[in-house]
Amino acid sequence: MIDDEADDDDESPDIPLPNVKADVLKKVIEFCKHHREETMNDIEKPLKSANMSDVVQKWYADFVNVEQVLLFELILAANYMDIKPLLDLTCATVASMIKGKTPEEIRKTFNITNDFSPEEEAQVREENKW
């Protein structure tokens with residue numbers, strides 16, 4: 001809550017965002033400013049393409065063409081700050097990175113180690129045939 005004395009000052013009050021790094025916040029602000037000028041197209045689900053340029057406008061596709069670490073930090077920031085369009089865009093980007101890939105390719109993309117033994121993996125594959 002901001003007290004009445006703050007209105008007399010020329011300075012804006014600080015808004016603590018302990019879970020959002022400064023460089024991530026800059027990207028969030030960049031997104032919000034652009035989104036105010038050009039609203040992002042709705043993202044169809046399931047994704048019609050693994051190429052984000054086929055899903056949203058070029059600016060938005062370029063915006064999420066970033067390193068994985070930054071992409072995941074943007075997801076966390078969008079969730080923490082409750083910015084649904086940014087959360088939708090970043091999550092759709094991760095989904096596009098998974099779309100059409102085998103489990104092995106997904107593990108490689110996201111640097112996930114396979115903790116199943118060959119027997120356990122065979123059992124899971126058998127139980128989940130499709």
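If you take CD1 on Ile43 and NZ on Lys45, they are separated by 6.0 Å, rounding to the nearest 0.5 Å. The NE2 atom of His35 sits 9.5 Å away from atom CG of Leu86, with the distance rounded to the nearest 0.5 Å. Taken to the nearest 0.5 Å, the CG atom of Asn128 stands 10.0 Å off from the CD atom of Gln123. Atom OG1 of Thr93 and atom CD1 of Ile75 lie 7.5 Å apart (nearest 0.5 Å). Once rounded to the nearest 0.5 Å, the distance linking CG of Leu70 with NZ of Lys21 reads 9.5 Å. Put simply, CE on Met40 and CD on Gln57 are 8.0 Å apart, with the number rounded to the nearest 0.5 Å.
Taking each heavy atom of Glu120 and Asp115 in turn, the nearest pair found is OE1-O, 4.0 Å. Shortest non-hydrogen contact noted between Glu38 and Trp59 is OE1-CB, 4.4 Å. Scanning all heavy atoms of the two residues, the minimum distance from Pro18 to Tyr80 falls at CD-OH, 3.6 Å. Contact record, Met52 with Leu89: CE-CD1, 3.8 Å, taken as the closest heavy-atom pair. Minimum heavy-atom separation, Val55 to Lys48: CA-CE, 4.3 Å. Taking each heavy atom of Leu17 and Leu25 in turn, the nearest pair found is CD1-CD1, 3.8 Å.
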>> Quick one, Thr102 with Arg107, criterion side chain to side chain contact (heavy atoms under 4.5 Å, CB included). Give me CA distance, side-chain angles, the key distance, then yes/no.
In response: CA-CA 9 Å; Thr102 65; Arg107 284 188 200 105; over 6 Å; no
>> I'd like to know whether Lys58 forms a salt bridge (Lys or Arg N to Asp or Glu O under 4.0 Å) with Asp62, so could you lay out the CA-CA distance, the side-chain angles of the two residues, the decisive distance to 0.1 Å, and finally the verdict.
In response: CA-CA 6 Å; Lys58 182 182 181 337; Asp62 291 344; 2.5 Å; yes
>> With side chain to side chain contact (heavy atoms under 4.5 Å, CB included) as the criterion, how do Phe72 and Thr90 come out once you've worked through the C-alpha distance, each side chain's angles and the decisive distance to 0.1 Å?
In response: CA-CA 8 Å; Phe72 287 111; Thr90 51; over 6 Å; no
>> Run Met97 and Leu71 through side chain to side chain contact (heavy atoms under 4.5 Å, CB included) and show every step you take.
In response: CA-CA 12 Å; Met97 296 166 74; Leu71 180 63; 3.8 Å; yes
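For Asp23, the CG atom sits in a packed shell: over 12 heavy atoms of surrounding residues, nucleotides or ligands are nearer than 6.0 Å. Atom CD of Glu44 has 12 or fewer heavy atoms from other residues, nucleotides or ligands within 6.0 Å.
Side chains of Met81 and Asn19 form no contact here, defined as non-hydrogen atoms less than 4.5 Å apart. Using a 4.5 Å cut-off on side-chain heavy atoms (C-beta onward), Asn41 and Tyr60 make no contact.
For the residue pair Ser53/Asn51, the side-chain donor-acceptor check at 3.5 Å is satisfied. Donor-acceptor pairing under 3.5 Å is recorded for the side chains of Thr109 and Lys101.
Note on Val69 and Val24: separate hydrophobic clusters, where clusters join Ile, Leu, Val, Met, Phe, Trp and Tyr whose side-chain heavy atoms are under 4.5 Å apart, directly or indirectly. Cluster annotation: Phe116 is not connected to Ile112 through the hydrophobic network of ILVMFWY side chains, with a link wherever side-chain heavy atoms come within less than 4.5 Å. Tracing side-chain contacts under 4.5 Å through hydrophobic residues (I, L, V, M, F, W, Y), one never reaches Leu87 starting from Leu76; they form parts of separate clusters.
In this structure Lys84 satisfies the salt bridge (charged side-chain N to carboxylate O under 4.0 Å, His left out) test together with Asp88, sequence neighbours excluded.
Between Glu121 and Arg125, at least one side-chain N (NZ, or NE/NH1/NH2) sits under 4.0 Å from a carboxylate O, which counts as a salt bridge.
The six-membered or imidazole ring of Phe63 lies away from that of His34, with a centre-to-centre distance of 6.0 Å or more.
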